[in-house]
There are 2 protein chains.
Amino acid sequence: MACHIVNHMVEYNEEMLTEILKCMSDVTRRSLLTRVCQEGPCRVTDLAGYYDMSLNAVSKHIKLLERCGLVTRKTVGRVHWIEADLARIQIVENWFKELKSIWALRLDNFANLMETKDD
Amino acid sequence: MACHIVNHMVEYNEEMLTEILKCMSDVTRRSLLTRVCQEGPCRVTDLAGYYDMSLNAVSKHIKLLERCGLVTRKTVGRVHWIEADLARIQIVENWFKELKSIWALRLDNFANLMETKDD
DNA sequence: TATACATTCAACCAAAAGGTTGATTAAATA
DNA sequence: TATTTAATCAACCTTTTGGTTGAATGTATA
């Protein structure tokens, strides 16, 4: 299931896919990710200010984003700076690519079969 | 948040993203999707045979895949033929693309700011 | 027609997810 | 030093998710 590391390719496996896709499937976490992409490094408290939920809830969302590598954290004194890291998106894109190629391969085989039939 | 429909672009909104990403975040559903990509139209019972869970559980997974448009169903008599439809993947890819462009835009702005500072 | 087969529906259950509040830790500041 | 500030930890609650089983529906077949 896992693919080979080639050049700058990012490896993927089922557990990583599950973690990343599950993480991205929440609207608040997608919003947080978008925000840190737009604004660069943000403090947890400032991020929480945008949402109609407790600081704790946002803190937990950030922890999940961090756990699957979609954001990174730099702690400076008591302030935690949260920054986006979109590299992991490649893992999902690789899966999409593989899925599409599997799909295309079958259609190719089907086309060949039809051709053979015509002989 | 929703983007414009341009040519063959597939529109997206938060609800669709949530639905599709949540659907893809389950390992059994990803496996089912891969399988129907490989094998073309499959019967529910045959698909269920590959997994260590009840037919009912697989049936429910297929229903979720169908609900968010990742597979389609053709009912012929008592047999339901399940087929992959990867078009919806584009919705997620569009979001990735937008996110990356937001990210790149900010870095550009930052670079411009530095340049201005140098004047 | 009686029976087997393909699939879903409905009710249920345990675990996970997403939220809350209150306490805790540690750093900045009056 | 005492207090405020930044953030997490811990316990708890409700809803959702992913599974189960048994019954129902509809179609094919002996």
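With B:Arg30 contributing its side chain and B:Met24 its backbone, the two residues share a donor-acceptor pair below 3.5 Å. Within the 3.5 Å criterion, the main-chain N or O of B:Leu32 finds a donor-acceptor partner in the side chain of B:Tyr51. Side-chain atoms of B:Thr18 come within 3.5 Å of backbone N or O of B:Glu14 as a donor-acceptor pair.
With sequence neighbours excluded, no residue forms a salt bridge (Lys or Arg N to Asp or Glu O under 4.0 Å) with B:Arg29.
Following rounding to the nearest Å, A:Trp81 (CH2) and D:dA6 (P) show an atom-to-atom distance of 11 Å. Between the C1' atom of D:dT8 and the CG atom of A:Leu55 lies a distance of 9 Å, rounded to the nearest Å. Taking atom CG on B:Asp26 and atom P on D:dT16, their separation rounds to 18 Å, with Å as the unit. Atom P of nucleotide D:dG19 and atom OH of B:Tyr51 are separated by 11 Å, given to the nearest angstrom. Taking atom CE on B:Met53 and atom C1' on D:dT17, their separation rounds to 13 Å, with Å as the unit. Atom CG of B:Leu21 is separated from atom P of D:dT17 by 14 Å (rounded to the nearest Å).
If you check residues 61-78 of chain B against DNA chain C, the residues with a heavy atom closer than 4.0 Å are B:Lys63, B:Arg73, B:Arg78, listed by number.
A donor-acceptor contact under 3.5 Å is formed by the side chain of B:Asn56 with the base of D:dT21. Side chain B:Asp52 to base D:dG19: no donor-acceptor pair is found below 3.5 Å. Taking only distance into account, the side chain of B:Lys60 never meets the base of D:dG18 through a donor-acceptor pair shorter than 3.5 Å.
In this structure, B:Glu39 does not pair ionically with A:Arg106, as no charged nitrogen and carboxylate oxygen lie closer than 4.0 Å. A salt bridge is defined here as a Lys NZ or Arg NE, NH1 or NH2 lying under 4.0 Å from an Asp or Glu carboxylate O, and A:Glu93 with B:Lys100 meets this definition. Between B:Glu83 and B:Lys74 there is a salt bridge, since a side-chain N of the basic residue sits under 4.0 Å from a carboxylate O of the acidic one.
Between the CH2 atom of B:Trp103 and the CG atom of A:Asp85 there is a distance of 6.5 Å, given to the nearest 0.5 Å.
Running 5' to 3' along DNA chain C, contacts with non-hydrogen atoms of chain A at under 4.0 Å begin and end at C:dA17 to C:dA28.
Nearest-nucleotide mapping onto DNA chain C: of A:Val58 and A:Lys22, the residue sitting toward the 5' end is A:Lys22.
Residue A:Ile82 is tested with A:Thr72, A:Leu33, A:Leu47 for a side-chain contact (heavy atoms from CB on, under 4.5 Å); the sole match is A:Leu47.
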